[in-house]
Amino acid sequence: MLIVFATPEVFPYSKTGGLADVSAALPSALADLGHDVIVFSPCYRQTTSYFELREGDQPEAFNAGTVWIGDDNRELSYLVHRSGRVTHVFTVNGHYFDRDRLYTASDGRDYLDNVSRYSFFCRAVLAYLAQRDLSPHIVHCNDWQAALLPVFIAAAAPGTRFSATRSVLTIHNLGYQGIFPAEQIYATGLPWERFNIDELEFYGSLNLLKGGIAAADAVTTVSPSYAKEIQTAEYGFGLGGFLEHHGAKLSGILNGIDTDTWNPASDSYLPEHYSVDDVAGKRASKATLQQISGLAPDAGAFLLGVVSRLDRQKGIHLIADVFPSLASQPVQLVVLGAGAGELEQMLRTLADRFPKQVAYLNKHDESLAHLIEAGADAFLMPSTYEPCGLNQMYSQRYGTVPIVRETGGLKDTVLNYTANRLEKRTASGFTFRKNDAASLLKAIKAAAKLFFTDRPAWQQLVRCCMELDHGWHSRALEYEKLYSGLVSPAGTGSDEHA
Ligand code: ADP
Ligand code: GLC
């Protein structure tokens, strides 16, 4: 199959969160299954900087004329870069994408012209395919920034290039829907008729994700539990009923992780390598992490790690609430993350109060993220909601026991420790249900107790975590099955795209 993957961010060319990791690894796993995959994303300032550092491995550039966005005629060009078996195409327009941040201004608010920016991106994807005379079997779109593509494709006239193309829309986080003032529909080039309650209208505003959900042939999200949760009022962000209405085409496919990038046996960011057969090298990461972050150099301390966007979604406030109750024990905490000012301040205050026990690293740093995964004993993710979450899986692979709230993908990837499950080798972390500080504290205390009082059992739990297979292969097969079902629906026996 020819699969187009359209995403607003893709590692290592651009990244704000887990979507970038998924957008790198899933296309590559699909290419390994024998498919032709083209990944489209915008050429941001981050992307240009990435290429500036890669001498001798430059993308091919070509101009492609202009695109109308509302009343503006915008220049379009592309950069094409081959990475492994995957072709990356970056849509270039300096006015739209050469900015400090990807989606928001420095005050954290959406750029005012985001509808124009991502209408441009979606139009540019289709323009590239037309120029290269390509008719993909599948256009797989990710999040609100690519959600206009299913709308544009569904509007394609019968018998034209995209009339046999099927669209898939993946929701990585329903908390971000792309909601803008109604009149901005003008920038999309879509007629006002589409601004109705079944498509793009949402309480009087324009909702790009909603339009994409209505138009896509299939909608997926990134874990089976989250697929159920988003059809409820509690987790639906106003779209619960709408998603339930479209439930027949909605499914959840768990994310995987890139097991080459995240491999303690070969990770270049670690002072010593280690594996499930010999975890001794993990101690060196712990010592380095304590040293770098200014924590007491105590090999016996129970070191908790966090790597996260600082957002209410991630339950960071609960961590700040519970730490003082743990501080009388040799417990340490290192947090790497940036984001909401109030949460950054909360962590700074905590680190000032417990300087030898709490370190707050306020930045985005790939190497530190790896070092924390390796050097911590346990990893905290007390999320209010979590579509999938990748860090709990990275933690498991690095023998760092996740402590998570039972929600979304966390529920689908972490099975709470009990002595019985440890014996059956199915335990893979500590979990708690209620979204409150007391429940988190109880889970951390249960983990600390095992760590301090039964080290052989703890080591056994570490092994169980490290033996889990979160690779993309089996998960890419699930996407392949979904695509095949759309392209040749059961019973027709024909493949009109062949
Ligand atoms: P989300 O996409 O909601 O932020 P995920 O768990 O899916 O959550 O993915 C988070 C990704 O972002 C991981 O790859 C994680 O390592 C990375 N990350 C988050 N904050 C930082 C940071 N401050 N420095 C480095 N990597 C970070
Ligand atoms: C989103 C979600 C996260 C998920 C990631 C990749 O950012 O918040 O849970 O792992 O997308 O799908």
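What you see is a predicted model, and the numbers here were worked out from it, not measured in a lab. Quick note: residue numbers are just sequence positions, from 1.
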[Y] six-ring face occupied by [X] cation (under 6.0 Å, within 45°):
| X | Y | value |
| --- | --- | --- |
| Arg99 | Tyr111 | yes |
| Lys210 | Phe242 | yes |
| Arg455 | Phe451 | yes |

Checklist outcome for this item: Heavy-atom nearest pair, Arg475 first then Asp469, reads NH2-O, 3.7 Å
Checklist entry - Taking all atoms of both residues into account, what is the closest heavy-atom pair of Leu410 and Arg405, and its distance? => result CB-O, 3.3 Å
Can you tell whether the side chains of [X] and [Y] come within less than 4.0 Å, N to carboxylate O?
| X | Y | value |
| --- | --- | --- |
| Lys249 | Asp217 | no |
| Lys314 | Glu386 | yes |
| Glu373 | Arg397 | no |
| Lys15 | Asp21 | yes |

Next on the checklist: Looking at Arg82, I'd like to know if its CZ atom is crowded, meaning that more than 12 non-hydrogen atoms belonging to other residues, nucleotides or ligands lie closer than 6.0 Å.
Outcome noted: yes
Checklist entry - Any chance the side chains of Glu9 and Asn142 put a donor and an acceptor closer than 3.5 Å? => result no
Checklist entry - Would you say the side-chain atoms of Thr104 and Asp110 include a donor-acceptor pair closer than 3.5 Å? => result no
Next on the checklist: If you apply the rule side-chain hydrogen bond (donor to acceptor under 3.5 Å, both in side chains), what do you find for Thr349 with Asp352, and how did you get there?
Outcome noted: CA-CA 5 Å; Thr349 309; Asp352 287 347; 5.8 Å; no
